[in-house]
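Sharing a structure below in structure tokens format, with a few things to ask.
Counting starts at 1 for both ligands and their atoms, following the listed order. No experiment lies behind these values; they were computed from the predicted model shown.
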Amino acid sequence: MDFRDAPREAAFRAEARAFVEAHAPKRWRHPFDDGVDERELIDAQKAWQRTLFEHGWAAILWPREYGGRGLGPIEQIIWNQELARAGVGETLFVVGIAMAGPTIIAHGTPEQKARFLPPLLRGDEIWCQLFSEPGAGSDLAAVAARAVREPGSERPEGGGDWLVSGQKTWCSGAHYSDYGILLARTDPKLPKHKGISYFLLDMHAPGIATRPLRQMSGGAHFNEVFLDEVRIPDAARLGPENAGWSAAMTTLLNERMALGGTGGFFSFAELAAHARAHPERLDALTRDRLAQLYCWDKTLELLNARVVTKLGRGVIPDAESSVMKLALARILSAGADLGLRLAGPDALRRHGPWQHQYLTAPSLHIAGGTDEIQKNLVAERVLGLPREGRGDRDVPFETLRRS
Ligand SMILES: Cc1cc2nc3c(=O)[nH]c(=O)nc-3n(C[C@H](O)[C@H](O)[C@H](O)COP(=O)(O)OP(=O)(O)OC[C@H]3O[C@@H](n4cnc5c(N)ncnc54)[C@H](O)[C@@H]3O)c2cc1C
């Protein structure tokens, strides 16, 4: 492992740091924070995204021909580190830039790229992800939302409108999004991975109802989304009919890479400062837990360095992102728990940074693939254990028993 920036990387870091120091918003509000004025947050983040766009920093990994910076994963990691250093956290554009955009670039038609990529990059349109359903989360290929061709809508050039009905859930930001990436079943007679199509859904279309889901942190950041015969033109289908699983894999791979980073989630330095401010609460057990967290945090940092080194050699990391996500979720939960313990009676207050971290940490054990699913991946790819048995891969979806 090499911990130092190579000269090219050091030059990139200096350029990124100079830009971020000159332009980043001075006060960053996280979309999950309690009491955030959502309209204000959207306006502020759109303004920041436009600034990034105007200076060529909107998408580090996207090819230059689509308005990106055309750089690699190492530069993306450096960029993320520099944003975290300046206190700039997650943006409302993460689904658009990190997930929808790369999928459209990989699978879209020239018309779809021309229509969707520029406004997404400029920050004019916010995207959400409509994948999960009440019966399809870890087992995403079980999506049951149904898309059928509208009778009589066939066009001379081929294709016709689709009518989509069903229920999606846990859709972050769906209530303020302009577009959604949507998986729907177009042929239930095919096995479950094969009868799915991928659509780019106009969230302002008639027939869409979003209902907020309140989190235990107090916010209502994600939603149930009900689709009632929502019309989608065939031109908004991404990739071939019934072959949406391949595009979905592109999205999920990009999601895992976006979530794998460590920046901005947890700061050991903040926890240590909190501990120093409360020496009266530093009993032997608390000191021990603090030391353990320091070791975990350092281990995660080393793992991150290993991933960066691999990327630098042109190797795509495999199970490391699963290990990193597992470790990060555990560190976040344990850090929040210790932060509250050190706060003493103040922990009983409704609001506070450690309260907030304590209430949001559980979501990281679930979002983007649960702990158990990551452990399955580690078991198969690191430990070489047999793959999980799957008897439903070649059976028509309509014959499967579903919850
Ligand atoms: C903060 C947050 C934001 C999210 N945002 C979005 C979004 O914007 N769009 C979207 O589409 N989805 C979103 N999700 C949904 C997320 O992708 C799912 O919650 C996740 O994939 C798990 O699916 P599930 O909730 O249906 O749980 P289930 O899959 O029903 O799992 C229930 C339990 O069973 C375990 N389990 C399931 N299968 C296995 C297995 N094979 N082996 C071992 N254990 C297993 C799980 O680990 C879990 O403990 C979000 C979730 C969170 C928490």
Quick one: which residue pairs count as a salt bridge (charged side-chain N to carboxylate O under 4.0 Å, His left out) with a foot in residues 168-183, not counting sequence neighbours? Glu133-Lys168
Under 4.0 Å from any heavy atom of Thr370, which atoms of ligand 1 are there? 22 (C), 46 (C), 47 (O)
Does the ring center of His351 lie less than 6.0 Å from the ring center of His356?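 Centroid separation for His351 and His356: 6.0 Å or greater.
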Report the part of Asp371 (side chain from C-beta onward, or backbone N, CA, C, O) that has a heavy atom under 4.0 Å from ligand 1; answer both or neither where that applies. neither
Numbering the atoms of ligand 1 from 1, which are under 4.0 Å from a heavy atom of Ile373? 38 (N), 39 (C), 40 (C), 41 (N)
Can you confirm whether the side chains of Thr251 and Asn254 place a donor and an acceptor under 3.5 Å from each other?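 Judged by distance alone, the side chains do not pair up.
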Candidate with minimal heavy-atom separation from atom 31 (O) of ligand 1, of Ala174, Cys171, Ser138: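 Going through Ala174, Cys171, Ser138 one by one, Ser138 has the nearest heavy atom to atom 31 (O) of ligand 1.
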Short list, please: which atoms of ligand 1 are under 4.0 Å from a heavy atom of Phe222?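 Close to Phe222: 1 (C), 2 (C), 3 (C), 52 (C).
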Relative to the heavy atoms of Glu388, which atoms of ligand 1 are at a distance of less than 4.0 Å?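 Per the distance check, 40 (C), 41 (N), 42 (N).
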Whether Phe19 and Trp79 hold their rings parallel, tilted or perpendicular, with breakpoints at 30° and 60°: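 Tilted, since the angle between the ring planes falls between 30° and 60°.
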Going by the order shown, which atoms of ligand 1 are within less than 4.0 Å of some heavy atom of Phe131?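 With Phe131 as reference, the close atoms of ligand 1 come out as 11 (O).
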At less than 4.0 angstrom from any non-hydrogen atom of Ile366, what atoms of ligand 1 do you find?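 Going through ligand 1 atom by atom, the ones under 4.0 Å from Ile366 are 19 (O), 20 (C), 53 (C).
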Which of the listed options, Glu255, Glu372, Gln129, holds the heavy atom that is closest to atom 48 (C) of ligand 1? Glu372
Which atoms from ligand 1 have a heavy atom of Ser132 less than 4.0 Å away?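 Taking each heavy atom of Ser132 in turn, ligand 1 has 10 (C), 11 (O), 12 (N), 13 (C), 15 (C), 16 (C), 17 (O) under 4.0 Å.
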Pair His175-Glu38, side-chain donor/acceptor within less than 3.5 Å: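 Short answer, yes.
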Can Asn80 and Gln76 be counted as having a side-chain donor-acceptor contact under 3.5 angstrom? yes
Could you go through the side-chain hydrogen bond (donor to acceptor under 3.5 Å, both in side chains) check for His365 and Thr370 one step at a time? CA-CA 5 Å; His365 293 270; Thr370 65; over 6 Å; no
Taking 4.0 angstrom as the limit and counting only heavy atoms of Asn376, give me the atoms of ligand 1 inside it, by number and element. 40 (C), 41 (N), 42 (N), 43 (C)
Here the pair of heavy atoms bringing Leu290 nearest to Ala275 is CD2-CB, 3.7 Å
Below 30° counts as parallel, above 60° as perpendicular, anything between as tilted: where do the rings of Trp354 and His274 land? parallel
Close approach, Cys128 and ligand 1, non-hydrogen under 4.0 angstrom: no
Applying a 4.0 Å heavy-atom criterion (strictly less than), which segment of Ser363 is in contact with ligand 1: side chain, backbone, both, or neither? both
